[in-house]
Amino acid sequence: METVEAEEEYAEDCPELVPIETNNQEAGNLDFIIKIPVTIITGYLGAGKTTLLNYILTEQHNRKIAVILNEFGEGSAVEKSLSISQGGELYEEWLELRNGCLCCSVKDNGLRAIENLMQKKGKFDYILLETTGLADPGAVASMFWVDAELGSDIYLDGIITVVDSKYGLKHLTEEKPDGLLNEATRQVALADMILINKTDLVSEEELNKLRTTIRSINGLGKVLETQRSRVHLSNILDLHAYDSLSGISLQKKLQHVPTAPHLDQSIVTVTFEVPGSAKEECLNVFIQNLLWEKNVQNKDGHCMEVIRLKGLVSIKDKPQQVIVQGIHELYDLEESLVCWKDDAERRSQLVFIGKNLDKEVLKELFLTAVAETEEQRTAPGKDQVCPSH
Ligand SMILES: Nc1nc2c(ncn2[C@@H]2O[C@H](COP(=O)(O)OP(=O)(O)OP(=O)(O)O)[C@@H](O)[C@H]2O)c(=O)[nH]1
Ligand SMILES: [Zn+2]
């Protein structure tokens with residue numbers, strides 16, 4: 001009952017993601033956090049997802065974590081819940097672990113189930129969702145993201161992708177018929193954190209190859225190497241990969257997006273930075289053409305397919321830096337807490353992860369269609385700093 005009332009209240013007060021004015025370290029201790037983070041754990045079959053969950057559930061973390069196994073019709077529910085509960089009894093709906101964690105299996109609509117659960121079980125502080133090895137994490141992520149916009153009590157914190165050192169490269173380079181993206185690549189492309197697991201099984205040389213391939217697919221996410229999925233929890237929880245709290249860290253991150261060597265990879269990361277401000281309507285059209293219309297072509301005449309988009313942009317007449325987030329067909333422009341210091345310094349940087357992407361084409365399109373300088377300048381030049389007016 002309490003939860004229901006709270007939910008209604010919040011729905012009224014703050015229908016959007018709530019910017020939390022603190023840094024990551026502090027975030028866990030303060031009780032003004034009204035929304036519960038959801039971290040999606042994905043990765044190809046056998047990569048080490050369940051091992052990671054087991055590890056998290058048995059670590060001392062002083063949090064009440066709910067683990068949700070997103071089975072979507074796979075037959076291994078019992079097996080999984082058993083491994084999660086450390087050989088405990090057969091679960092009915094929920095397992096409560098000794099350290100206060102919860103574990104359940106969601107078969108149908110994950111989101112409604114979680115909300116029901118919160119009503120029944122009261123508060124917990126964190127939700128981990130393991131998808132099946134073949135799931136498209138983008139679809140799951142979109143679901144949470146949309147719901148957060150609608151005033152839900154939960155928000156998407158980030159996507160963790162576990163990669164098997166031994167078979168990862170094989171999975172990532174596997175060709176699918178009809179030009180479809182293979183699942184393993186999609187999972188890596190969408191990750192905010194990539195764990196290269198089972199490093200004990202490969203040589204340094206094999207590991208290097210895998211690392212390079214992963215980097216060329218996703219230049220934005222962090223990469224860590226693990227054995228038995230052991231990783232400090234601060235690396236995977238509270239990433240705030242989808243909200244405005246990530247404003248400052250995003251700026252740093254964007255500066256370090258590597259220009260990956262061009263491998264013959266179906267999915268790549270491209271990034272560009274341009275000075276000046278964007279016109280908001282034009283920026284919307286630019287993004288919608290990419291994500292919705294999918295009518296932007298590369299030099300070979302192939303349509304670009306963006307599956308993840310992130311950026312820090314300057315929008316005309318807005319004092320704050322604006323964060324652009326996109327996943328599949330959803331995107332969002334959100335003002336960060338950071339203001340532009342000086343109009344002369346205004347610039348926009350965008351990162352795209354997807355297929356058939358061409359940096360030069362994207363940049364050119366952005367400059368001609370979105371940058372505010374377009375109308376006032378006769379010739380586009382290097383000094384495209386917009387005088388504010
Ligand atoms: N050698 C080695 N084995 C590992 C490591 N991490 C996990 N494993 C083993 O790999 C197997 C698969 O691990 P899981 O955690 O079940 O993988 P998963 O991604 O949850 O698998 P599915 O749910 O079937 O997709 C298990 O037998 C683990 O014990 C590691 O770092 N090194
Ligand atoms: Zn598993």
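When a ligand or atom number is given, it counts from 1 through the structure's own listing order. If you're wondering where the values come from, they're calculated on a predicted model, not measured in any experiment. One-based numbering along the sequence shown.
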Can you confirm whether more than 12 heavy atoms, excluding those of Glu204, are under 6.0 Å from its CD atom?
yes
Does an N or O from Lys198, backbone or side chain, lie closer than 3.5 Å to an N or O of ligand 1?
yes
Return a yes/no value for Gly48: is any of its N or O atoms, backbone included, closer than 3.5 angstrom to an N or O of ligand 1?
yes
Check Thr161 against Ala191 and note the closest heavy-atom contact, atom names and distance.
OG1-CB, 3.2 Å
How close do Ile327 and Ser142 get, counting heavy atoms only, and between which atoms?
CG2-OG, 4.3 Å
Is the backbone of Glu293 close enough, under 3.5 Å, to the side chain of Asn289 for a donor and an acceptor to pair up by distance?
no
Can you hop from Tyr167 to Ile194 via hydrophobic side chains spaced under 4.5 Å?
no
Counting the benzene-type ring for Trp, do Phe286 and Phe366 have ring centres under 6.0 Å apart?
yes
Does Ser277 form a side chain to side chain donor-acceptor pair (under 3.5 Å) with Ser314? I'd like the steps, not just the answer.
CA-CA 5 Å; Ser277 294; Ser314 165; 2.7 Å; yes
Mind checking whether Leu201 contacts ligand 1 via backbone (N, CA, C, O), side chain (CB onward), both or neither, at a 4.0 Å heavy-atom cut-off?
side chain
Applying a 4.0 Å heavy-atom criterion (strictly less than), which segment of Asp200 is in contact with ligand 1: side chain, backbone, both, or neither?
side chain
Determine whether any heavy atom of Val162 lies closer than 4.0 Å to an atom of ligand 1.
no
Take every heavy atom of Gly43, measure it against each atom of ligand 1, and state whether any distance is under 4.0 Å.
no
Can you name the atoms of ligand 1, numbered from 1 with element, that are less than 4.0 Å from a heavy atom of [X]?
{"X": "Glu130", "result": "20 (O), 23 (O)"}
{"X": "Thr51", "result": "7 (C), 13 (O), 14 (P), 15 (O), 28 (C)"}
{"X": "Leu45", "result": "25 (O)"}
{"X": "Thr50", "result": "15 (O), 16 (O), 18 (P), 20 (O), 23 (O)"}

